[in-house]
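Position 1 is the first residue of the sequence; numbering continues from there. A quick note: this is a predicted structure, and the numbers were derived from the prediction, not measured.
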Amino acid sequence: MARPTRLLALALAAPLLLVGCSTENSGGGDGDSGGDSGGASASGDLDFAVVTHGSAGDAFWDVVQNGAEAAGEDLGVGVDYQSDGDPQRQSQLIEAAVNQDVDGIVVSMANPDALQDSITAAVEAGIPVVTINSGAAQSAEFGAIGHVGQDETIAGIGAGQRLAADGAQNVLCVVHEAGNIGLEQRCAGASQGLATDVRLLQVDINDLQSAQSTITSQLQSDDSIDAVLTLNSAVAPVAAAAASDAGADVEIATFDLNGDVIAAIQDGSVAFAVDQQQFEQGYLPIVMLKLYAENLNTVGGGQAVLTGPGIVDSENVDEIAELASAGTR
C-alpha cells in the first residue's frame with residue numbers, strides 16, 4: 001500500500017482541522033477553457049452539475065473531473081462536468097445548470113464576486129451548492145452547504161516554512177492568474193512561513209513561453225533570488241527551465257502535481273510540491289450532495305473540509321507517481 005502524503009509540520013496540524021478560509025490554487029485557478037465538458041451519466045434519479053474555472057487539458061482539473069465522475073459512478077448519480085476560466089462564462093454555466101433544474105451544483109470560486117449572483121440564484125431556486133478549491137471564505141455567505149478544498153494561507157505558510165528550512169531567504173512567488181484570490185493567499189502565507197516577504201512576479205498561464213522568458217529575466221537581473229515558488233504545476237517546469245537558462249542556482253518549489261512535476265521531483269530539478277489532493281475536491285462534494293439530497297446531511301459544521309496540504313518530495317514521490325499515473329493524484 002502506498003504511504004500517504006506527509007502532512008505539513010505540527011504547527012499546522014490544528015488549524016488544518018478547524019480553519020475555513022479561502023483556497024487553491026490554485027491551484028489551483030488555471031486559465032480559460034472555452035467550455036471544456038465531460039460527464040459520467042448514471043441511471044440514478046439524482047443529477048449534479050460541476051462547474052469549475054479550470055482550463056481544457058489542465059492536469060490539475062482533469063484529476064478533479066476524474067474524482068467527480070468516479071463518485072458519480074460509485075454512487076449511481078449523474079455528474080455533468082463543465083469548466084470555463086472566464087468568470088462571466090462560468091457564471092453562465094451555473095445559470096444553465098439552474099435552468100436544467102439539477103439536484104445539486106459543485107462550483108469552484110476563483111473569483112467569488114463574479115459568481116455571487118449566479119450561486120445565490122441557485123440557492124434561492126432550492127438547489128444545494130457545494131463550493132470547492134477557491135472561495136471558502138465566501139462559501140457560507142453565498143448559501144453553500146459546504147466547501148471542500150485546501151486552505152491557501154495555511155498551505156502557503158507550510159511552503160514558506162519548508163523553503164526557510166532549506167535555507168531560502170529571497171523567494172520569487174510566481175502568480176499565473178491575475179485576480180485569483182487563492183493565489184494571492186498562497187504568496188501571503190509563504191511570506192508568513194518564510195518570515196520575510198516573498199517577491200511577486202506576474203505571468204500568464206496561457207503563454208508559458210513568455211512566462212519562462214519573464215522568470216529568466218528576473219533571475220538574471222537579481223542574483224540574490226535563491227528560490228522560486230510557482231503556484232501551478234504547469235508553471236513549475238517552466239521555472240526550472242528558466243533557472244537553467246539564467247544559469248541561476250535556485251531552489252524550485254511548486255503547488256500541485258502533474259506528471260512533469262513528479263518527474264522533476266524525481267530528477268531533482270524541483271525540490272517539492274504542495275499537494276492539495278484534488279481528486280478529493282471532485283469526489284467528496286458529490287458524496288456531500290447525495291447525502292444532503294437523501295438525508296439532509298451536511299459536513300464540516302460551517303468550516304471547510306480540508307483536502308490538504310501535504311508535501312510531495314524525494315521521500316514519497318515514487319509512491320505518488322504510481323497513483324498519479326492512474327489519474328487520481
Engineer: As an exercise, state the distance from CG of Leu172 to CG of Asp222, rounded to the nearest 0.5 Å.
Structural biologist: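 Separation between the atoms: 8.5 Å.
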Engineer: Counting neighbours of CD on Gln169 that are heavy atoms of other residues, nucleotides or ligands and sit closer than 6.0 Å, is the number greater than 12?
Structural biologist: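 Incorrect, the count does not exceed 12.
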Engineer: Less than 4.5 Å apart, side chain to side chain, heavy atoms only: is that true for Thr131 and Gln138?
Structural biologist: no
Engineer: State whether the side chain of Ser91 and the backbone N or O of Pro87 hold a donor-acceptor pair below 3.5 Å, judged by distance alone.
Structural biologist: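 Checking the backbone N and O of Pro87 against the side chain of Ser91, no donor-acceptor pair under 3.5 Å is found.
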Engineer: How close do Leu289 and Ile105 get, heavy atom to heavy atom, and via which atoms?
Structural biologist: CD1-N, 3.9 Å
Engineer: Taking Gln278 for the side chain and Val63 for the main chain, is one N or O donor matched with an acceptor at less than 3.5 Å?
Structural biologist: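 No.
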Engineer: Counting N and O atoms only, with roles assigned by atom type, does the side chain of Ser191 sit under 3.5 Å from a partner on the main chain of Val198, one being a donor and the other an acceptor?
Structural biologist: yes
Engineer: Taking all atoms of both residues into account, what is the closest heavy-atom pair of Ile132 and His147, and its distance?
Structural biologist: C-CE1, 3.5 Å
Engineer: Would you check if Gln161 and Ile157 make a side-chain contact, meaning some heavy-atom pair closer than 4.5 Å?
Structural biologist: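 Yes, at least one pair of side-chain atoms sits under 4.5 Å.
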Engineer: What's the separation between atom CD in Gln150 and atom CD in Glu280, rounded to the nearest 0.5 Å?
Structural biologist: 11.0 Å
Engineer: Should Trp61 and Tyr81 count as side-chain neighbours, where that means a heavy-atom distance under 4.5 Å?
Structural biologist: yes
Engineer: Could you tell me whether Asn297 atom CG has more than 12 heavy atoms of other residues or ligands within 6.0 Å of it?
Structural biologist: yes
Engineer: Could you tell me whether a side-chain N or O of Asp103 sits under 3.5 Å from a main-chain N or O of Phe48, the two making a donor and an acceptor?
Structural biologist: no
Engineer: How many angstroms lie between OG1 in Thr230 and CG in Leu183, if you round to the nearest 0.5 Å?
Structural biologist: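 Thr230 atom OG1 to Leu183 atom CG measures 10.5 Å (nearest 0.5 Å).
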Engineer: For the residue pair Met288 and Gly146, what are the closest heavy atoms and their distance?
Structural biologist: CE-CA, 4.1 Å
Engineer: Taking atom types as modelled, is there a side-chain donor on Gln281 or Thr307 under 3.5 Å from an acceptor on the other?
Structural biologist: yes
Engineer: Between Leu163 and Phe272, is there a side-chain heavy-atom distance shorter than 4.5 Å?
Structural biologist: yes
Engineer: For the side chain to side chain contact (heavy atoms under 4.5 Å, CB included) test, which of Leu208, Val203, Val174 pairs with Val238?
Structural biologist: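 Of Leu208, Val203, Val174, side chain to side chain contact (heavy atoms under 4.5 Å, CB included) with Val238 is met by Leu208 alone.
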Engineer: At their closest point, which heavy atom of Ala70 faces which heavy atom of Phe279, and how far apart are they?
Structural biologist: CB-CZ, 3.9 Å
Engineer: For Ile265 and Ala271, which heavy atoms make the closest approach, and how far apart are they?
Structural biologist: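 Ile265 and Ala271 have their closest heavy atoms at CG2-O, 4.4 Å.
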Engineer: Does any N or O in the side chain of Asp166 come within less than 3.5 Å of the main-chain N or O of Ala168, such that one atom is a donor and the other an acceptor?
Structural biologist: no
Engineer: Is the backbone N or O of Asp313 less than 3.5 Å from a side-chain atom of Asn316, with the two atoms forming a donor-acceptor pair by type?
Structural biologist: yes
Engineer: Determine whether Ile119 and Met109 make a side-chain contact, defined as any pair of heavy atoms from C-beta on separated by less than 4.5 Å.
Structural biologist: yes
Engineer: Do Val287 and Val299 have side-chain heavy atoms sitting under 4.5 Å apart?
Structural biologist: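 No; the side chains remain at least 4.5 Å from each other.
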Engineer: Can you confirm whether Glu294 sits close enough to Leu46 that some side-chain heavy atom of one is under 4.5 Å from a side-chain heavy atom of the other?
Structural biologist: yes
Engineer: Backbone N or O of His53 within a donor-acceptor pair of the Ser108 side chain at under 3.5 Å?
Structural biologist: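 Yes.
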Engineer: Quick one: do Asp80 and Gln82 satisfy side chain to side chain donor-acceptor pair (under 3.5 Å)? Show the steps, please.
Structural biologist: CA-CA 7 Å; Asp80 180 54; Gln82 303 280 337; 3.2 Å; yes
Engineer: Apply side chain to side chain contact (heavy atoms under 4.5 Å, CB included) to residues Val106 and Val51 and explain how you reach the verdict.
Structural biologist: CA-CA 6 Å; Val106 180; Val51 181; over 6 Å; no
Engineer: Return the CG to SG distance between Leu194 and Cys173, rounded to the nearest 0.5 Å.
Structural biologist: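 Going from the CG atom of Leu194 to the SG atom of Cys173 covers 10.5 Å.
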Engineer: At their closest point, which heavy atom of Leu229 faces which heavy atom of Thr254, and how far apart are they?
Structural biologist: CD1-N, 4.1 Å
Engineer: Could you tell me the separation between the CG atom of Leu200 and the CD atom of Gln202, rounded to the nearest 0.5 Å?
Structural biologist: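 One finds 8.5 Å between CG of Leu200 and CD of Gln202.
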Engineer: Mind checking the CG-CD spacing from Leu306 to Gln277? Nearest 0.5 Å is all I need.
Structural biologist: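 The distance works out to 11.0 Å.
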Engineer: Ser83 side chain to Thr52 main-chain N or O, any donor-acceptor pair under 3.5 Å?
Structural biologist: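 No, Ser83 side chain to Thr52 backbone: no donor-acceptor pair under 3.5 Å.
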Engineer: Distance-only, no hydrogens or angles: does the Asp245 side chain make a donor-acceptor pair with backbone N or O of Thr216 under 3.5 Å?
Structural biologist: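 Answer holds: no.
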Engineer: Donor-acceptor pair, Asp318 side chain versus Gln266 backbone, under 3.5 Å?
Structural biologist: no
